[in-house]
There are 2 protein chains.
Amino acid sequence: MQQLKRHGALSEVDETLLIELEHNSRRVTAGEILWQEGSDVELFCVLKAGWAYSFRYLDNGSMQILKVYLPGDIIGMRDFGFSKRLAGVAMINAGVICPFSPQHLCQLIRTSPTLAAGMVAIAVRQQAMLTERLVYIGRHTAQQRLGHFLYEIYLRLRRIGAVEEGRFQLPLSQEQLGDVLGLSAVHVSRTFSMLREEGLVLKERQEVFFPDPGALAKMVEFNTTYLDEALPPAFLSSD
Amino acid sequence: MQQLKRHGALSEVDETLLIELEHNSRRVTAGEILWQEGSDVELFCVLKAGWAYSFRYLDNGSMQILKVYLPGDIIGMRDFGFSKRLAGVAMINAGVICPFSPQHLCQLIRTSPTLAAGMVAIAVRQQAMLTERLVYIGRHTAQQRLGHFLYEIYLRLRRIGAVEEGRFQLPLSQEQLGDVLGLSAVHVSRTFSMLREEGLVLKERQEVFFPDPGALAKMVEFNTTYLDEALPPAFLSSD
DNA sequence: CGTAGGCTTGAGACCCCTCAAATACAGTGG
DNA sequence: CCACTGTATTTGAGGGGTCTCAAGCCTACG
């Protein structure tokens with residue numbers, strides 16, 4: 001949406017509607033579960049501060065983390081068009097959320113065609129991120145999977161100004177990283193060791209640093225298209 | 001969209017717009033590549049007949065198939081909001097497509113809020129399918145992956161009336177199945193053998209039959225929510 | 001200072017991969 | 001109708017990546 005704004009595609013009414021979305025806000029604690037899989041779809045959220053993730057429990061008791069949300073992301077759009085949640089959502093650390101109702105979102109789509117197109121674009125973009133994960137989980141080694149995930153987070157954080165001197169905070173435990181990447185926590189640890197020995201990723205506590213971001217991007221063959229691309233002109237013209 | 005229609009949510013104008021989408025049609029041959037990754041986004045398609053798939057080439061020369069399209073699906077929505085294709089699309093067998101332009105789609109969204117909401121819902125639904133694949137590729141055995149994929153295809157085909165007496169045609173080669181599931185073609189073959197020995201899947205040539213669909217669904221722990229769910233009432237009311 | 005949870009490291013096992021060869025099948029030309 | 005050829009599938013053997021189980025360490029926090 002900030003992309004749309006930058007392109008001057010938003011009317012004043014549009015902006016007012018967006019600001020209204022953030023009218024309410026609520027503090028949430030680390031580890032707090034916002035909702036569980038299967039519950040009714042009652043609200044969506046703008047994540048103002050903190051990290052969150054959506055997840056599914058598996059038969060064997062472990063979980064698969066589907067998506068990691070960073071500040072500025074919208075949580076719950078995944079469930080738009082469904083009556084029950086397809087996945088649970090929990091906070092990784094403490095933060096602030098701005099809940100809004102599905103009715104509110106529907107009204108917004110009805111009122112502003114531009115925002116409607118924007119919502120489609122957001123949904124498609126999230127699909128693009130999922131697609132990248134699918135490609136990387138399907139046929140790549142643990143090093144590439146972890147490296148790719150870290151690099152994606154790095155780019156997303158940089159876009160919101162959360163990378164300082166090439167360093168950023170990663171509040172996820174290795175267990176949680178394993179749940180993201182489909183790896184055991186044990187192997188995540190070994191993989192970090194390998195990436196360190198190769199001089200690609202240094203991690204101390206929750207702080208991550210890439211000595212050579214370019215080399216890492218090359219190793220994981222990162223395709224920036226799916227994250228960086230601007231909205232096409234078709235959005236902005238009315239014909 | 002047929003879901004929306006069934007709910008009587010489409011006005012006559014909406015229906016006219018949808019029918020216009022299928023104004024043009026073109027025959028396509030088996031194996032024909034509709035577009036390559038990285039090409040300009042010039043058109044989307046309704047797939048009227050035949051199967052197609054979207055794919056990405058990997059470094060090692062193999063490909064990852066991202067999605068399999070069946071008759072009635074819309075091809076290329078993945079790229080809506082991008083200027084370049086994120087993935088190539090190719091036909092599996094011969095068929096018919098109805099191309100339409102991004103401008104046409106944008107106009108449709110601007111004209112009909114109901115259809116706009118429907119497009120969001122479709123995008124989210126495709127995301128839900130990708131999510132299921134992610135869960136299954138991440139942490140499941142080859143048997144569960146293959147079984148889950150076959151069962152999903154089975155349900156999608158049944159919805160469009162392409163399952164007769166519990167049998168359906170599967171035009172994908174084992175190589176292609178491997179590219180969908182992140183497995184080698186060799187292991188796909190072994191996995192079919194295992195599923196046959198367990199009495200879950202019989203396959204002769206391109207014809208597939210489930211002796212006990214319920215047992216298969218249970219083995220792969222299939223969650224029908226993400227495919228079957230009807231659109232929520234919020235779409236249909238105007239408040 | 002003690003405890004709990006997260007991280008590291010080691011050993012053995014399993015799933016799936018690669019390479020290779022044999023078999024089945026489809027289309028082609030004789 | 002039959003040999004020929006290329007492609008798809010099956011089957012076998014060996015190897016590698018990741019898993020599980022288990023023990024030890026490190027850090028945070030009471």
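Note on naming: letters A, B, ... go to the chains in the order of the sequence lines (proteins, then strands), and numbering restarts at 1 for each one. Everything numeric here is computed off the predicted structure, so don't read it as measured data.
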Exercise. To the nearest 0.5 angstrom, please state how far the CG atom of B:Leu181 sits from the NE2 atom of B:His187.
Key: 10.5 Å
Quiz item: Reckon A:Ser173 touches a base, only the sugar-phosphate, or nothing at all at heavy-atom distances under 4.0 Å?
Solution: sugar-phosphate
Quiz item: What's the spacing between B:Ile92 CD1 and B:Tyr53 OH if we round to 0.5 Å?
Solution: 7.0 Å
Quiz item: Distance only, no hydrogens: is a donor on one side chain within 3.5 Å (strictly under) of an acceptor on the other, for A:Gln36 and A:Ser39?
Solution: no
Quiz item: With a non-hydrogen cut-off below 4.0 angstrom, is A:Val188 in contact with a base, only sugar-phosphate, or nothing?
Solution: nothing
Practice problem: Can you measure from CD1 (B:Ile75) to CE (B:Met91) and round to the nearest 0.5 angstrom? | Solution: 6.5 Å
Self-check item: Closest contact, heavy atoms only, B:Ser25 versus B:Val96
Solution: CB-CG1, 4.0 Å
Self-check item: Candidate list A:Tyr151, A:Trp51, A:Phe210, test ring pair (Phe, Tyr, Trp, His ring centres under 6.0 Å), partner A:Phe168, passing option
Solution: A:Phe210
Exercise. Applying salt bridge (charged side-chain N to carboxylate O under 4.0 Å, His left out), name anything that partners B:Arg56, two or more places apart in sequence or on another chain.
Key: A:Glu132, B:Glu37
Exercise. Assign each of B:Leu183 and A:Leu172 to its nearest nucleotide of DNA chain C by heavy atoms, then name whichever residue's nucleotide is nearer the 5' end.
Key: A:Leu172
Exercise. Return the value, rounded to whole Å, for the distance between atom CG of B:Leu170 and atom P of D:dT9.
Key: 10 Å
Quiz item: Does NZ or CZ of A:Arg145 fall inside the cone over A:Tyr136's six-membered ring, less than 6.0 Å from its centre and within 45° of the axis?
Solution: no
Quiz item: How many Å lie between CD on B:Gln174 and C1' on D:dT10, as a whole number?
Solution: 8 Å
Exercise. Return the angle between end axes of the helix from C:dC1-D:dG30 to C:dG30-D:dC1, with five pairs used per end and rounding to 10°.
Key: 40°
Exercise. Using a strict cut-off of less than 4.0 Å between a Lys/Arg side-chain nitrogen and an Asp/Glu carboxylate oxygen, indicate whether B:Glu152 and B:Arg156 qualify as a salt bridge.
Key: yes
Quiz item: Are more than 12 heavy atoms from other residues, nucleotides or ligands located less than 6.0 Å from atom NZ of A:Lys48?
Solution: no
Quiz item: Honestly, is B:Lys218 close enough over B:Phe222, meaning NZ or CZ under 6.0 Å from the six-membered ring centre and within 45° of the axis?
Solution: no
Quiz item: Mind checking what makes salt bridge (charged side-chain N to carboxylate O under 4.0 Å, His left out) contact with A:Asp40, not counting sequence neighbours?
Solution: A:Lys84
Quiz item: When all nucleic acid strands are considered with a 4.0 Å heavy-atom cut-off, which category describes A:Gly178: base, sugar-phosphate, or nothing?
Solution: nothing
Quiz prompt | Leading and trailing nucleotides of DNA chain C with any atom under 4.0 Å from heavy atoms of chain A | solution = C:dC7 to C:dA11
Practice problem: Output the residues of residues 190-199 of chain B in contact with DNA chain D, where contact means a heavy atom of the residue under 4.0 Å from an atom of the strand; sort by number or write none. | Solution: B:Arg190, B:Ser193
Quiz prompt | Among A:Leu155, A:Leu157, A:Ile153, the one residue meeting side chain to side chain contact (heavy atoms under 4.5 Å, CB included) with A:Val163 | solution = A:Leu157
Self-check item: Interface residues of residues 136-149 of chain A with DNA chain D (non-hydrogen, below 4.0 angstrom)
Solution: A:Thr141, A:Ala142
Exercise. Taking only the side-chain nitrogens and oxygens of B:Ser189, find out if one of them lies under 4.0 Å from OP1 or OP2 of D:dT10.
Key: yes
Quiz item: Whole Å only: how far is the CD atom of A:Gln206 from the P atom of D:dT27?
Solution: 14 Å
